[in-house]
Engineer: 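Got a structure for you, questions after.
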Amino acid sequence: MALLPSECNQYECGGNKVRNKWRSLMGLGMASLFILAVAACGGSKANDAKTGNEQPSPTAKPAVTETSAEPVLLRFWGGIPEDTGPADMIEKWNAENKDIQVEYVRFVNDASGNLKLDTALISDTDAPDLYVSYSDTNLSRRIDAGMAEPLDDWIQQSGFDLEGMIGTANITKFSDKVYYLPGTKSMNVMFINKSMLDAIGEKVPTDWTWEEYEALALKLTKSGQYGAYLNPAWEPLPNETMITAKPVDSWFAEDGSSNFDSEAARQGLEIQKRLYEGNALVPYAEGVANKIQPQDELLKGKAALVYSGTYLLRYIKDDEAYPNRDFQVAFAPLPQTAKGNNMNNGGFGDKISINSKSKNKEAAMKFLKWYIEEGNLDLIPGGRIPSSSKTDVVKVAELMIGDKEQYFDKESFMNILQASYTFKTNLDLTALAEQRKILTEESEKYFMNVQSLDETVANLKKRADEAIAGAK
């Protein structure tokens with residue numbers, strides 16, 4: 001249920017409709033795997049992906065070597081719309097660095113968009129010098145295909161303070177090497193219609209459990225108002241309850257098998273089902289069919305507790321799309337398995353890599369270093385929190401809120417920004433994409449009263465274990 005991005009969130013859907021969609025996504029995934037397998041083996045060249053989602057500049061020049069008298073042109077592919085920060089950031093860099101010019105190319109962070117990026121990475125013309133991966137699965141695949149440059153030597157050579165800025169413990173290494181730097185730090189939080197909360201005499205939660213979340217959601221439910229919202233396009237609630245019980249490799253038991261038979265997974269299924277039965281959530285089938293979005297439920301006053309990622313912050317300020325609001329949005333941390341913890345399904349995202357085929361790696365590292373140290377400040381108003389621990393939190397809040405202070409409960413917002421989190425970590429990526437598909441399919445049957453809880457847990461465990469064994 002996680003940021004992923006999405007806004008570029010990788011989780012941004014169920015019946016035949018869901019299964020058909022997954023077949024389509026798996027087909028695209030297989031095509032992407034084939035393309036990268038060819039690249040890894042030094043096989044045939046793929047066609048240039050300069051169509052569809054990306055918007056390259058019409059005046060773009062071919063990339064040139066760093067020894068040329070002409071400025072170096074770097075192509076940077078990302079999934080964030082240009083008008084939410086990247087355009088301002090690139091304009092600032094280009095004005096201050098005449099010798100290295102950067103062109104931003106946007107791709108949509110979905111299956112087809114990622115396929116276009118994968119295709120572009122192995123092309124001989126207009127290939128990205130830098131690019132963003134929004135999921136561990138996509139990143140791992142690109143590393144395995146040899147499309148990402150190891151950054152350890154470049155980090156040392158550039159003088160980038162990895163430990164001070166990010167913390168080496170927050171970087172997932174592959175074969176003991178660093179292949180990316182994260183551009184953002186995101187949190188999944190509970191966005192709350194504060195007027196609805198005030199109306200029942202409740203305060204904004206600051207340290208709460210999943211049982212308390214369920215009770216509050218049911219209490220907030222009334223005619224014309226859902227007590228809560230869980231995105232049907234994200235993983236079902238067991239994803240979150242497993243993370244708060246076991247933040248490292250939450251989908252795996254200690255023996256490497258599936259964790260879907262854990263008490264935490266069962267708890268997530270039961271809570272979500274009871275919320276449907278109590279009319280605290282929009283009916284599952286309706287949510288899937290209508291692609292109901294969290295920002296609409298929150299800002300149109302349809303739901304009280306809306307679970308989503310910090311990318312949603314940019315919508316709170318949009319009073320053209322969401323006019324005539326007379327309530328503030330408050331913020332609460334993710335409910336926990338036990339009080340006193342602060343596990344979170346966010347983490348360090350927007351994982352930026354340098355293409356191993358780039359002829360301008362030194363220039364690319366110079367830009368990447370600047371991006372982490374100061375460039376991504378321009379992305380804050382668009383809802384992205386910089387990854388650097390040296391970023392002033394007060395400044396982040398000011399830039400994020402801007403001139404829309406009337407829509408924010410600032411005290412609870414600052415509590416979220418200043419909190420210390422234990423983020424989920426996926427060290428074992430075995431069959432994760434297949435396990436996500438299985439969780440969605442089996443949970444759907446339970447929510448739609450097709451199978452019992454025990455049948456659901458048994459099927460989840462059996463199918464996931466088979467997928468893990470097959471992948472190994």
Engineer: Tell me whether Arg142 contacts the main-chain N or O of Thr137 through its side chain, where contact means a donor paired with an acceptor under 3.5 Å.
Structural biologist: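 Checked: no pair found.
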Engineer: So which atom in Ala120 and which in Pro128 form the shortest heavy-atom distance, rounded to 0.1 Å?
Structural biologist: O-CD, 3.8 Å
Engineer: Where the side chain of Gln267 meets the backbone of Met242, is there a donor-acceptor pair that is under 3.5 Å apart?
Structural biologist: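 Such a contact is absent between Gln267 side chain and Met242 backbone.
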Engineer: If we ignore hydrogens and angles and just use 3.5 Å, is the side chain of Thr391 paired with the main-chain N or O of Ser388 as donor and acceptor?
Structural biologist: yes
Engineer: With heavy-atom distances below 4.5 Å as the criterion, would you say the side chains of Trp210 and Leu334 are in contact?
Structural biologist: yes
Engineer: Under a 4.5 Å cut-off applied to non-hydrogen side-chain atoms, are Arg75 and Tyr131 in contact?
Structural biologist: no
Engineer: Please answer whether the main-chain N or O of Glu320 pairs with a side-chain N or O of Asp318 as donor and acceptor at a distance below 3.5 Å.
Structural biologist: yes
Engineer: Is there a donor-acceptor contact under 3.5 Å linking the side chains of Gln293 and Tyr315?
Structural biologist: no
Engineer: Do Leu162 and Leu181 come within less than 4.5 Å of each other through their side chains, counting heavy atoms only?
Structural biologist: yes
Engineer: Between Lys351 and Asp136, does any NZ, NE, NH1 or NH2 come within less than 4.0 Å of an OD or OE carboxylate oxygen?
Structural biologist: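 Yes, charged N to carboxylate O under 4.0 Å.
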Engineer: Ring centroid separation for Phe76 and Phe367, is it under 6.0 angstrom?
Structural biologist: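 Ring-ring flag for Phe76/Phe367: true, centres closer than 6.0 Å.
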Engineer: Asn415: which residues meet the side chain to side chain contact (heavy atoms under 4.5 Å, CB included) condition with it, sequence neighbours left out?
Structural biologist: Glu411
Engineer: Do you know the tightest heavy-atom contact between Ile292 and Tyr229?
Structural biologist: O-OH, 2.7 Å
Engineer: Quick test of your reading: applying ring-ring contact (aromatic ring centres under 6.0 Å, His included), list the pairs with at least one residue in residues 391-421, sequence neighbours left out, ordered by first then second residue.
Structural biologist: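 Residue pairs with at least one partner in residues 391-421: Phe331-Phe413, Phe408-Phe413, Tyr421-Phe423.
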Engineer: So which heavy atom on Pro333 is nearest to which on Pro205, and how close?
Structural biologist: CD-O, 3.6 Å
Engineer: To the nearest 0.5 Å, how far apart are CD1 in Ile271 and CD in Glu214?
Structural biologist: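 Those atoms lie 5.0 Å apart.
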Engineer: Between Thr241 and Ala264, is there a donor-acceptor pair closer than 3.5 Å when you use the side chain of the first and the backbone of the second?
Structural biologist: yes
Engineer: Does a donor on one side chain sit under 3.5 Å from an acceptor on the other, for Asn344 and Asn188?
Structural biologist: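 Absent: no donor and acceptor within the cut-off.
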Engineer: How many angstroms lie between atom CD1 of Ile385 and atom CG of Leu313, to the nearest 0.5 angstrom?
Structural biologist: 6.5 Å
Engineer: Within the 4.5 Å heavy-atom criterion, are Asn239 and Asn345 side-chain neighbours or not?
Structural biologist: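 The answer is yes, as the side chains (C-beta and beyond) meet within the 4.5 Å cut-off.
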Engineer: Looking at Pro236, is its backbone amide N or carbonyl O close enough to the side chain of Glu240 to form a donor-acceptor pair, meaning the two atoms are under 3.5 Å apart?
Structural biologist: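 Absent.
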Engineer: Look up atom OH in Tyr311 and atom CD1 in Ile80, then write down how far apart they are to the nearest 0.5 Å.
Structural biologist: 14.0 Å
Engineer: Do the charged groups of Asp118 and Arg141 touch, with an N to O distance under 4.0 Å?
Structural biologist: yes
Engineer: Give a yes-or-no answer on whether the side chains of Trp154 and Glu149 include a donor-acceptor pair shorter than 3.5 Å.
Structural biologist: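 Indeed, the side chains of Trp154 and Glu149 share at least one donor-acceptor pair under 3.5 Å.
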Engineer: If we ignore angles and hydrogens, is there a donor and acceptor under 3.5 Å between the side chains of Gln336 and Asn341?
Structural biologist: no
Engineer: Keeping Ser443 on the side-chain end and Thr440 on the backbone end, is there a donor-acceptor pair under 3.5 Å?
Structural biologist: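 Such a contact is absent between Ser443 side chain and Thr440 backbone.
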Engineer: Of Ile352, Ile166, Asn376, Asp350, which meets side-chain contact (heavy atoms from CB on, under 4.5 Å) against Pro182?
Structural biologist: Ile166
Engineer: How many angstroms lie between CG in Leu429 and CD in Gln435, if you round to the nearest 0.5 Å?
Structural biologist: 10.5 Å
Engineer: Within the 4.5 Å heavy-atom criterion, are Leu139 and Ser353 side-chain neighbours or not?
Structural biologist: yes
Engineer: Would a 4.5 Å heavy-atom cut-off, applied to side chains only, mark Ile372 and Ser387 as touching?
Structural biologist: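 Yes. Closest side-chain heavy atoms under 4.5 Å.
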Engineer: Using only atom types and a distance under 3.5 Å, with no angle test, would you say the side chain of Ser412 pairs donor to acceptor with the backbone of Asp409?
Structural biologist: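 At least one qualifying donor-acceptor pair exists.
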Engineer: Would you mind reporting whether Ile354 and Leu151 have side-chain heavy atoms less than 4.5 Å apart?
Structural biologist: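 Of all side-chain heavy-atom pairs linking Ile354 with Leu151, at least one is under 4.5 Å.
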Engineer: Which residue pairs pass the side chain to side chain donor-acceptor pair (under 3.5 Å) test when at least one of the two sits in residues 84-95, sequence neighbours left out?
Structural biologist: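 Sorted pair list: Lys92-Asp378.
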Engineer: Can a side-chain donor-acceptor contact be found between Tyr322 and Asp296 if the only test is distance below 3.5 angstrom?
Structural biologist: yes
Engineer: Can you tell whether the side chains of Arg106 and Glu82 come within less than 4.0 Å, N to carboxylate O?
Structural biologist: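 Glu82 and Arg106: not salt-bridged.
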Engineer: Do the non-hydrogen side-chain atoms of Leu427 and Val248 ever get within less than 4.5 Å of each other?
Structural biologist: yes
Engineer: Can a donor-acceptor pair be found, under 3.5 Å and without considering hydrogens, that links the side chain of Ser356 to the backbone of Gly146?
Structural biologist: yes
Engineer: Between Glu212 and Lys339, is the closest basic N to carboxylate O distance under 4.0 Å?
Structural biologist: yes
Engineer: Between Glu373 and Lys369, does at least one N-O distance fall below 4.0 Å, as a salt bridge requires?
Structural biologist: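 Yes, charged N to carboxylate O under 4.0 Å.
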Engineer: Can you name the closest pair of heavy atoms from Ala363 and Leu74 and give their distance?
Structural biologist: O-CD1, 3.6 Å
Engineer: Are side-chain N/O atoms of Ser112 and Asp110 paired as donor and acceptor at under 3.5 Å?
Structural biologist: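 A pair is found: one side chain offers a donor N or O, the other an acceptor, under 3.5 Å apart.
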Engineer: Any ring-ring contact (aromatic ring centres under 6.0 Å, His included) pairs touching residues 241-265, not counting sequence neighbours?
Structural biologist: Trp251-Phe260
Engineer: Does anything in residues 412-423 form a salt bridge (Lys or Arg N to Asp or Glu O under 4.0 Å)? List the pairs, not counting sequence neighbours.
Structural biologist: none
Engineer: Quick one: salt bridge (Lys or Arg N to Asp or Glu O under 4.0 Å) pairs with a partner in residues 159-183, sequence neighbours left out?
Structural biologist: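 Applying salt bridge (Lys or Arg N to Asp or Glu O under 4.0 Å) to every pair that reaches into residues 159-183, excluding sequence neighbours, yields Asp161-Lys390.
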